[in-house]
Amino acid sequence: MKSVYLAFRAAVLHFLDDPDNDLESPHLEYFPDGILLTHQGYIVELGAAEQMLASLPADCELIHYPDHLLIPGLIDTHIHYPQTDMIAAYGEQLLQWLETYTFPTERQFADKAHAREVAEFFLDELLRNGTTTALVFGTVHPASVEAFFEAAEARNLRMIAGKVLMDRHCPAYLQDTPETAYTDSKTLIEKWHGRGRLSYAVTPRFAPTSSREQLAKAGELLTEYPDVYLHTHVAENHAEVAWVADLFPESRSYLDVYQQYGLLRPRAVLAHCIHLDAEDRACMATTGTAAAFCPSSNLFIGSGLFDLHLTKEADVRVGLGTDVGGGNYFSLLRGINDAYKITQLLGKKLSAFQALYLATLGGAKALYLDDKIGNFAVGKEADFVVLNLKATPLLTRRLQHCQSLHDQLFAILMLGDDRLVTASYVMGKAAFKV
């Protein structure tokens, strides 16, 4: 009989809390030669190999990864699975980009077989890049969510997704109504929310494509099912912000539209949050609403630079998102690379510790899942990634010249991409392996 205890030996790094930009932060644990012990998919113990080897259970299987680093599974707090096939589309900013690329692509997801095929590829790609949890947009079609959840359930993944709500300012072939948005979402919530490791997100695309009646229906769903998520976009692009001001003149700001309809609360996650003011950020903090920082798409679509420091100073929860297909990669390691550059352009700092925290425990806190995932605390689910520290000749060479743990991690994050991922484990089992 195969052992239910698995011990993974490698260098191990995780965070106990937000390290901010402190290069000597007490909020991280690092074991140059460590062991992560799991039992039936949950974390039992973490420590130095020298101390743990002699006390491992007699029937424990030891899996050794020399020259590798174990980190918690990466958490993507904003991504669109239906946009997989339009990733890296040329030449438009947000509103024209939706019309030119997004809407025609999403039309295909009325076909559940097509949706399932894309969902399978999408999940393969996430795992190949070390992402084990994501907050995911579907399309307006309930079949798109059914297909996604079926594929995620088969892999035992912790995923959150929802049907798009969109009853105006979009092609007729993608429109629902306030009533169908409500009833379709309700049916999906009752079938999928809390089933295994799956959760549901009420998902208006963004304020311009939902009428006041539909936003009110979204608020009703959140009242009826208070532990579901709210997932939408806010203040990504200047033209979008101006459009919202015209459509909702009674609201103080774009964010205030959502507040007026009761959509801001714990487990509400707003993508982008670039063009907000201090009052908006204070509102997000007070309501427990989180921001998804999406460096790739902000740069690729030319939307602007998210100010991480102002957002964190306001005590807003922040996670990282790739925002495929506005983002042009699935790799959160590459997302960290762009996040660093955006922060530099704003004249501020983003340490390697803070960056990796955002992609792990910070993302878990943004999703209110830090009791289950995000680090290697005893009792948490054993979702983790194995990174190859000799994945490329350049990385191998660069690490030989690093003088500290922070220097090493910074080099890994700046030079890293999917080539570093040797394996992604889900509940202690390899879901992807080179």
Side-chain angles (χ1 to χ4, degrees), residues 1-14 31 33-44 46 49 56 59-76 79 81 84 117-134 136 148 150-159 196-197 322 324 329-336 356 359-360 363 373-376 380-393 395-396 399 412-413 415-434:
M1 182 177 175
K2 195 169 183 179
S3 171
V4 292
Y5 282 97
L6 296 173
F8 300 89
R9 183 177 182 181
V12 185
L13 174 65
H14 74 139
F31 299 94
D33 182 13
I35 287 181
L36 180 69
L37 180 64
T38 70
H39 179 255
Q40 296 184 334
Y42 293 88
I43 294 163
V44 173
L46 171 65
L56 292 175
D59 63 344
C60 180
E61 180 182 354
L62 180 62
I63 301 167
H64 193 191
Y65 285 105
D67 300 314
H68 282 73
L69 174 68
L70 265 63
I71 61 171
L74 301 175
I75 298 169
D76 193 326
I79 188 168
Y81 101 84
T84 299
E117 189 276 328
V118 175
E120 295 285 358
F121 179 87
F122 172 88
L123 292 172
D124 283 345
E125 198 67 10
L126 285 185
L127 291 167
R128 197 175 66 79
N129 282 276
T131 298
T132 55
T133 291
V136 183
F148 179 80
E150 288 169 5
E153 182 180 51
R155 299 161 188 250
N156 198 26
L157 292 169
R158 184 162 287 288
M159 289 283 157
R197 304 181 77 205
T322 56
V324 168
Y329 47 70
F330 280 77
S331 173
L332 278 169
L333 297 178
R334 291 183 64 186
I336 286 170
L356 185 59
T360 55
I373 57 174
N375 66 8
F376 296 137
K380 288 194 179 181
E381 298 162 356
D383 290 357
F384 59 92
V385 185
V386 186
L387 300 181
N388 183 359
L389 302 183
K390 293 187 175 180
T392 67
L395 179 61
T396 303
L399 289 178
I412 292 165
L413 297 178
L415 298 174
D417 53 30
D418 58 293
R419 292 172 294 175
L420 271 64
V421 180
T422 291
S424 295
Y425 282 82
V426 172
M427 293 294 286
K429 295 181 180 179
F432 165 79
K433 207 167 186 179
V434 172

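Predicted model, so just to flag it, every value in this text is computed and none were measured. Along the sequence shown, the residues carry numbers beginning at 1.
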Trainee: Are Tyr329 and Asn129 side-chain neighbours, meaning at least one heavy-atom pair lies under 4.5 Å?
Mentor: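 Tyr329 vs Asn129: side chains apart.
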Trainee: For Arg128, which residues count as a salt bridge (Lys or Arg N to Asp or Glu O under 4.0 Å) partner, sequence neighbours excluded?
Mentor: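 Salt bridge (Lys or Arg N to Asp or Glu O under 4.0 Å) check on Arg128 returns Glu125, Asp418.
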Trainee: From Lys433 NZ over to Thr422 OG1, what is the distance, rounded to the nearest 0.5 angstrom?
Mentor: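 These two atoms lie 9.5 Å from each other.
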Trainee: I need the minimum non-hydrogen distance between Gly130 and Ser424, along with the two atoms involved.
Mentor: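 Heavy atoms only, the tightest pair is CA-OG, 3.4 Å.
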Trainee: Test of understanding: with ring-ring contact (aromatic ring centres under 6.0 Å, His included), list the residues that count as partners of His39, not counting sequence neighbours.
Mentor: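 Counting only residues at least two positions away or on another chain, His39 forms a ring-ring contact (aromatic ring centres under 6.0 Å, His included) with Tyr5.
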Trainee: Within the 4.5 Å heavy-atom criterion, are Val434 and Asn388 side-chain neighbours or not?
Mentor: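 When only atoms from C-beta onward are counted, Asn388 and Val434 do not touch, as no gap falls below 4.5 Å.
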Trainee: Could you work out, with ring-ring contact (aromatic ring centres under 6.0 Å, His included) as the rule, every residue matching Phe376, not counting sequence neighbours?
Mentor: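 For Phe376, the residues satisfying ring-ring contact (aromatic ring centres under 6.0 Å, His included) (neighbours in sequence not counted) are His14.
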Trainee: When rounded to the nearest 0.5 angstrom, what is the spacing between CZ in Phe330 and CG in Leu74?
Mentor: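 The CG atom of Leu74 is 14.0 Å from CZ of Phe330, to the nearest 0.5 Å.
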Trainee: Take Thr360 and Ile373 through the test side chain to side chain contact (heavy atoms under 4.5 Å, CB included) and record every step on the way to the result.
Mentor: CA-CA 8 Å; Thr360 55; Ile373 57 174; over 6 Å; no
Trainee: Applying ring-ring contact (aromatic ring centres under 6.0 Å, His included), name anything that partners Tyr65, two or more places apart in sequence or on another chain.
Mentor: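 Only His68 meet the ring-ring contact (aromatic ring centres under 6.0 Å, His included) criterion with Tyr65.
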Trainee: Any chance you could measure Ile336, atom CD1, to Ile412, atom CD1, to the nearest 0.5 Å?
Mentor: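 It comes to 11.0 Å.
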Trainee: Tell me, please, which residues at least two apart from Lys429 pass salt bridge (Lys or Arg N to Asp or Glu O under 4.0 Å).
Mentor: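 If we apply the salt bridge (Lys or Arg N to Asp or Glu O under 4.0 Å) test to Lys429, skipping adjacent residues, there are no hits.
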Trainee: If you apply the rule side chain to side chain contact (heavy atoms under 4.5 Å, CB included), what do you find for Leu333 with Leu413, and how did you get there?
Mentor: CA-CA 6 Å; Leu333 297 178; Leu413 297 178; 3.9 Å; yes
Trainee: Counting N and O atoms only, with roles assigned by atom type, does the side chain of Arg334 sit under 3.5 Å from a partner on the main chain of Asp417, one being a donor and the other an acceptor?
Mentor: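 No, the answer is negative, given that no donor and acceptor are paired below the 3.5 Å cut-off.
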Trainee: So do Arg155 and Leu126 actually touch side chain to side chain, heavy atoms under 4.5 Å?
Mentor: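 No. Closest side-chain heavy atoms not under 4.5 Å.
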Trainee: Give the minimum heavy-atom separation between Leu70 and Ala10, together with the two atoms involved.
Mentor: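 So the two residues come closest at CD1-CB, 3.3 Å.
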Trainee: Can you tell me how far the CG atom of Leu157 sits from the CE atom of Met427, to the nearest 0.5 Å?
Mentor: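 So the gap between those two atoms works out to 11.0 Å.
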Trainee: Might you point out which heavy atoms bring Leu395 and Ala391 nearest each other, and give the distance in Å?
Mentor: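 It is CD2-N, 4.5 Å.
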Trainee: Check whether any side-chain heavy atom of Ile35 sits under 4.5 Å from a side-chain heavy atom of Leu56, and report yes or no.
Mentor: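 Yes, side chains in contact.
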Trainee: Can you find a heavy atom in the side chain of Val386 that is under 4.5 Å from one in the side chain of Phe8?
Mentor: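 In short, these two side chains do not touch, never coming nearer than 4.5 Å.
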Trainee: Apply side chain to side chain contact (heavy atoms under 4.5 Å, CB included) to Glu381 and Thr132, showing your working.
Mentor: CA-CA 11 Å; Glu381 298 162 356; Thr132 55; over 6 Å; no
Trainee: Hey, what do you get for CG (Leu415) to CG (Leu399), rounding to the nearest 0.5 Å?
Mentor: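 So the gap between those two atoms works out to 8.0 Å.
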Trainee: Closest heavy-atom contact between Thr38 and Ala382?
Mentor: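 For Thr38 and Ala382, the tightest heavy-atom pair comes out as CG2-CB, 3.7 Å.
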Trainee: What distance do Phe148 atom CZ and Glu120 atom CD have between them, rounded to the nearest 0.5 Å?
Mentor: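 The distance works out to 10.5 Å.
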Trainee: So do the side chains of Leu123 and Tyr81 get within less than 4.5 Å of each other, counting heavy atoms only?
Mentor: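 In short, these two side chains do not touch, never coming nearer than 4.5 Å.
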Trainee: For the pair Asp76 (side chain) and Thr322 (backbone), establish whether a donor and an acceptor sit closer than 3.5 Å, ignoring hydrogens and angles.
Mentor: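 Yes.
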Trainee: With sequence neighbours left out, what residues match Ala431 under side-chain contact (heavy atoms from CB on, under 4.5 Å)?
Mentor: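 Leu127, Val426.
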Trainee: Between Phe384 and Ile43, does a side chain to side chain contact (heavy atoms under 4.5 Å, CB included) hold up when you go through it step by step?
Mentor: CA-CA 11 Å; Phe384 59 92; Ile43 294 163; over 6 Å; no
Trainee: Quick check: closest heavy atoms across Lys390 and Thr396, and the distance to 0.1 Å?
Mentor: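 Taking every non-hydrogen atom into account, CA-OG1, 3.2 Å.
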